[in-house]
Amino acid sequence: MIGRYSRQTLFKGIGEEGQRKLGNSCVVIIGCGALGTVIATSLVRAGVGEVRIIDRDFIEYHNLQRQVLFDEDDIRNGLPKAIAAERHLKKVNSSVEVEGIVADVNYTNIERFIHDADVVLDGLDNFETRFLINDACLKHRIPWVYGGAISSSGMTMNIIPGETPCFRCLSSTAPHPGVALTCDTAGIIGPVPFIIGSLQAVEATKVLVGAEEINRNLIIFDVWKGTFHRLKVSPRHDCPSCRGKYEFLEGKFGVRTTSLCGQNAVQVLNPEVGELSFKELAARLKAVGVVSYNEFMLHFSIDSQEMVIFPDGRAIVKNTTDESLARGLYAKYIGT
Ligand SMILES: [Zn+2]
C-alpha cells in the first residue's frame, strides 16, 4: 500500500518511516461536524491506521454548506453523522480501520473512547466537552489538538501533556452561557473550518510521526479580515487540570440533564451558571427562531423544537425524552 502514499512519503517530514508510524497509529476525533469531517477526511486519506469518530448528531441540510463528508442522500437516509462519516471514509480508504460511534461524550464514557489513542482531535462546538477532553487527555498523557471555528474566525492549539500549557490554562472557565457565540446564532462561513480542520490534521500528523516542528502557540485567524496571529500561551500556576485535579472528568461541573417523567420533556441544568441576561439571549435567538420572555422565563421555538429557559440558566426542552438531544440543543442555542 506504500505506493498509495508516495506523494507524502516523498515529503521529508514524513518519509517511509513516518508513513509506517501513521499506519500503526490510532486517532480519536470527538465531534464530526465541520471540523471533524475535514480532519477525518485528511487523516483517513493519509493512511492513519485507525480512526475513531464519535458524534451524537444527525445530519441536517444547513450542515451541507461546510460539513464536507456529507451529502443529500445521507439526510434522506436519516443517518447519524458518525455512521455517514464511517461509510464515506471506508470508500475513500479501505485499508484504514474507521469506526463511527453515535454517542454523547461525557465524563462517564470519555476514557473508554480515548484510552488507546495516540492523539485526540477536537471537532466540537462546545466548551464543556473540551474541558472534559482536556482532563481525560492530561490524565492519560495523550496529546490533543484543540480547534474552534465561528463566524469568519478560527483558532487552534496543541495540548501536549507535560510540555505545553493546557486548555484550562488558556481558558479557565467556559464563556457564560447566553453570551457565548455559537454557529447556530452567529453563523459560520465554510472556509474557516476547512482551514482549522486542516491545521489540526497536520498537527496530529506531526505528533504521530514524532516531528520536532510541533506548534506550541495558539493560532488565531480571521479569513474575512485576512489576519493570522500566533500567540504564546503561558501556563497558569493555579490550573487545577495541570495539577492533576480533573474536575470535569469527575463530573463536578458541567451540564446535567434529567428526563421529566410523564412530561415528554428534559431539564438541562448548568451548575456553573449565575444569572442569565434574557435581553442579550433574546437578541441572539431572534435571528433564528421565535422568542418571547418576561422576567421569569424565556420561551424559544425553532421548527418543531421548543425550550423554556429560566434566569438561572436552567432550561426545559419540550417534546423529547432524549437527554442527549436536549444537551445538544442547549449547547447549540444557549452556549457552552
Ligand atoms: Zn493547565
Side-chain angles (χ1 to χ4, degrees), residues 31-36 55-67 80-81 104-106 123-132 148-151 153 173-189 192-193 253-260 263-336:
C32 195
L35 293 176
D55 192 281
R56 65 184 175 195
D57 262 338
F58 284 78
I59 306 161
E60 297 172 274
Y61 277 98
H62 64 81
N63 298 149
L64 299 185
Q65 165 246 6
R66 65 195 181 285
Q67 299 187 11
K81 291 181 179 180
D104 176 51
V105 174
N106 58 53
L124 290 162
D125 58 2
N126 72 88
F127 270 76
E128 189 215 339
T129 318
R130 286 193 183 111
F131 284 125
L132 188 61
I150 187 109
S151 185
S153 63
T173 55
H176 197 275
V179 175
L181 297 173
T182 75
C183 290
D184 296 281
T185 54
I188 182 164
I189 51 175
V192 175
F253 302 128
V255 178
R256 308 261 162 88
T257 52
T258 323
S259 189
L260 301 176
Q263 290 184 39
N264 194 27
V266 176
Q267 174 177 274
V268 185
L269 186 72
N270 187 342
E272 275 198 280
V273 174
E275 201 81 349
L276 271 184
S277 160
F278 279 171
K279 199 176 164 206
E280 282 174 28
L281 185 60
R284 284 193 303 114
L285 295 178
K286 267 179 187 151
V288 290
V290 181
V291 185
S292 61
Y293 67 95
N294 57 24
E295 62 187 294
F296 308 109
M297 61 177 83
L298 181 147
H299 188 269
F300 171 59
S301 62
I302 177 166
D303 305 324
S304 61
Q305 283 148 351
E306 243 181 277
M307 293 172 90
V308 177
I309 300 147
F310 299 91
D312 62 359
R314 189 165 54 89
I316 292 180
V317 180
K318 295 185 170 182
N319 310 323
T320 185
T321 51
D322 183 339
E323 295 185 22
S324 162
L325 175 80
R327 287 165 67 97
L329 290 171
Y330 190 94
K332 234 175 184 179
Y333 296 113
I334 302 179
T336 83

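The structure displayed is predicted, hence computed values, not measured ones.
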If I take atom CD from residue Gln305 and atom CG from residue Asn319, how far apart are they, to the nearest 0.5 angstrom? 9.0 Å

Phe310/Phe296 aromatic ring centres below 6.0 Å: no

Interatomic distance, Met297 atom CE to Arg314 atom CZ [nearest 0.5 angstrom]: 8.5 Å

I need the minimum non-hydrogen distance between Ile334 and Ala315, along with the two atoms involved. CD1-CB, 4.1 Å

Minimum heavy-atom separation for Gly148 to Leu35, with atom names? N-CD1, 4.1 Å

Is a side-chain donor or acceptor of Thr320 paired with a backbone partner of Asp322 at a separation under 3.5 angstrom? yes

Atom CG in Asp57, atom SG in Cys32: separation rounded to 0.5 Å? 10.5 Å

Is any NZ, NE, NH1 or NH2 atom of the basic residue among Asp104 and Arg327 found under 4.0 Å from an Asp or Glu carboxylate oxygen of the other? yes

Between Tyr333 and Ile309, is there a side-chain heavy-atom distance shorter than 4.5 Å? no

Between Gln65 (side chain) and Ile188 (backbone), is there a donor-acceptor pair under 3.5 Å? yes

Is it true that a side-chain atom of Asn63 and a backbone atom of Arg66 form a donor plus acceptor pair closer than 3.5 Å? no

Using only atom types and a distance under 3.5 Å, with no angle test, would you say the side chain of Thr129 pairs donor to acceptor with the backbone of Leu132? no

Roughly how far, to the nearest 0.5 Å, is the CG atom of Leu64 from the CD1 atom of Ile59? 7.5 Å

On a heavy-atom basis, which atom in Ala282 and which in Val291 lie closest, and how many Å separate them? CB-CG1, 3.8 Å

Does the side chain of Phe278 come within less than 4.5 Å of Glu295's, by heavy atoms? no

Interatomic distance, Glu323 atom CD to Gln267 atom CD [nearest 0.5 angstrom]: 10.5 Å

Rounded at 0.5 Å granularity, tell me how far CG in Leu285 sits from CE in Met307. 8.5 Å

The side chain to side chain contact (heavy atoms under 4.5 Å, CB included) partner of Phe300 among Val317, Val288, Val308, Leu281 is Val288

Can you see whether Gln67 engages Lys81 through a side-chain donor-acceptor pair at a distance of less than 3.5 angstrom? yes

Of all heavy-atom pairs linking Gly33 and Asp55, the shortest is N-OD2, 4.1 Å

Does Ile316 reach the side chain of Val266, with side-chain heavy atoms less than 4.5 Å apart? no

Just by modelled atom types, is the Leu124 backbone N or O under 3.5 Å from a matching donor or acceptor in the Arg130 side chain? yes

